[in-house]
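Take a look at the structure below.
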Amino acid sequence: MNWIEDVKGNKCSVEYWGTKEAAQTALDSLRECRDCIDCSGCSDCSRCSRCFGCSGCSGCSGCSGCSRCSDCSGCSRCSGCSGCSGCSRCSDCSGCSGCFGCSDCSGCSGCSDCSGCSNIAWLRNKENLKGDPESTWAGPPPIPKIEGIHKKIYDAASIPPEALEMHTWHTCGTTHCRGGWAVHLAGDPGYALEKFHGTLLAAQLIYRESGYAINPCRFFDSNEDALADMKRLAEL
């Protein structure tokens, strides 16, 4: 495989794009992406592969024709979606719009303004759906707020040094990654939110509720980069 690579670890293969010039054009079309493979027209993404026109996503693969989707993670083979955000591990969806925080959906088509859905494959082609009047489900857990979130997370993650491990959400009770610390410091409400949404979206929501709209790509930084960014924010 012949690769063309930039300084941020993005790379495009000549074999996939057909010519060296086409691979270079695709690589040059990426804006502030990191460690992506054979993507084009994307911005602020990380660890994605063969996607087009996405922004702020991480770990997605094979998505195409989507527009204005952001902050999604681990999605695959979605097409024609627009304005979706914070979704995770969705696959083979098409024509969805304005969805937020969905997880593990598969084969959805033409959905709009969905929120916090899971395993929507079971609802495919159903019509006239109505809520269960006997259901006791109270909806998503409330989002906890951490006062002074930047200083608290930096203090917890930097003392002692081994308290931060960016390769996994929770290593143990005293070692977490950046997102894991956001959940942990929010206490039981944080872990309830994590159980419902998953760690990535839960941490992002806790940051937002605490007054800071964090780019979820920050949850995939190295230990050194994460600590430097947390220190910068704590000292503002």
Side-chain angles (χ1 to χ4, degrees), residues 32-36 39 42-49 51 54-63 66 69-76 78 81 83-91 93 96 98-106 114-120 140-146 149-150 152-153 156-157 164-172 175-223 225-227 229-230 233:
E32 300 302 322
C33 294
R34 295 191 307 166
D35 301 318
C36 294
C39 296
C42 300
S43 62
D44 297 307
C45 296
S46 66
R47 301 182 297 105
C48 296
S49 63
C51 295
C54 302
S55 66
C57 300
S58 63
C60 298
S61 65
C63 298
C66 298
C69 294
S70 62
D71 304 338
C72 298
S73 65
C75 298
S76 62
C78 295
C81 299
C84 299
S85 65
C87 299
S88 63
R89 302 181 305 278
C90 297
S91 64
C93 297
C96 299
C99 298
F100 173 76
C102 299
S103 65
D104 300 301
C105 299
S106 176
C114 299
S115 176
C117 302
S118 181
N119 298 316
I120 290 299
I143 303 170
K145 179 179 180 181
I146 300 176
I149 186 170
H150 298 311
K152 287 182 179 178
I153 288 184
L164 181 68
E165 178 48 70
M166 291 296 291
H167 290 104
T168 185
W169 298 115
H170 305 287
T171 301
C172 64
T175 302
H176 310 269
C177 71
R178 185 175 188 171
W181 272 115
V183 169
H184 185 72
L185 292 176
D188 289 342
Y191 281 106
L193 196 71
E194 179 185 50
K195 183 177 180 180
F196 185 87
H197 288 300
T199 312
L200 178 63
L201 182 57
Q204 187 180 351
L205 291 172
I206 291 169
Y207 261 99
R208 187 183 70 183
E209 188 71 13
S210 303
Y212 183 70
I214 191 170
N215 185 328
C217 292
R218 284 294 184 182
F219 296 132
F220 301 96
D221 281 337
S222 65
N223 284 0
D225 289 346
L227 202 60
D229 188 61
M230 288 188 286
L233 291 170

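Computed from a predicted model, the values in this text were never measured in an experiment.
- Distance check: R218 CZ to Y212 OH gives 7.0 Å after rounding to the nearest 0.5 Å.
- The distance from the CD1 atom of I149 to the CH2 atom of W181 is 13.0 Å, given to the nearest 0.5 Å.
- Proximity of Y191 to H170: side-chain heavy atoms (C-beta onward) are separated by under 4.5 Å at one or more points.
- Put simply, the side chain of W169 reaches to within 4.5 Å of the side chain of L200, judged on heavy atoms.
- A pairwise comparison of heavy atoms in P141 and A192 identifies CG-O, 3.7 Å as the closest pair.
- In terms of heavy-atom proximity, R178 sits nearest to L164 at N-CD1, 3.9 Å.
- For the pair D35 (side chain) and S46 (backbone), a donor-acceptor distance under 3.5 Å is absent.
- Evaluation of the salt bridge (charged side-chain N to carboxylate O under 4.0 Å, His left out) rule for R47 yields no partner, not counting sequence neighbours.
- Rounded to the nearest 0.5 Å, atoms CD1 (I214) and CD (Q204) are 8.0 Å apart.
- Atom CD1 of residue I206 and atom NE2 of residue H197 lie 10.0 Å apart, to the nearest 0.5 angstrom.
- Closest heavy-atom contact between E165 and T175: CB-CG2, 3.7 Å.
- Counting heavy atoms from C-beta on, the side chains of H176 and L185 never come closer than 4.5 Å.
- Looking at I143 and L193, their side chains come closer than 4.5 Å, going by heavy atoms from C-beta outward.
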Using the rule given for side chain to side chain contact (heavy atoms under 4.5 Å, CB included), can you reason through L205 versus L201, listing the C-alpha separation, both sets of side-chain angles and the distance that settles it, and then say yes or no? CA-CA 6 Å; L205 291 172; L201 182 57; 3.9 Å; yes
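- Among residues two or more places apart in sequence or in another chain, the side-chain hydrogen bond (donor to acceptor under 3.5 Å, both in side chains) test is passed with H150 by none.
- At least one donor-acceptor pair under 3.5 Å links the side chain of S210 to the backbone N or O of I146.
- T199 meets the side-chain hydrogen bond (donor to acceptor under 3.5 Å, both in side chains) test with E194; sequence neighbours excluded.
- Nearest heavy-atom pair across C177 and T168 is CB-O, 3.3 Å.
- Between the S222 side chain and the D225 main chain, a donor and an acceptor come within less than 3.5 Å of each other.
- Going from atom CE of M166 over to atom CZ of F219 covers 8.0 Å, rounded to the nearest 0.5 Å.
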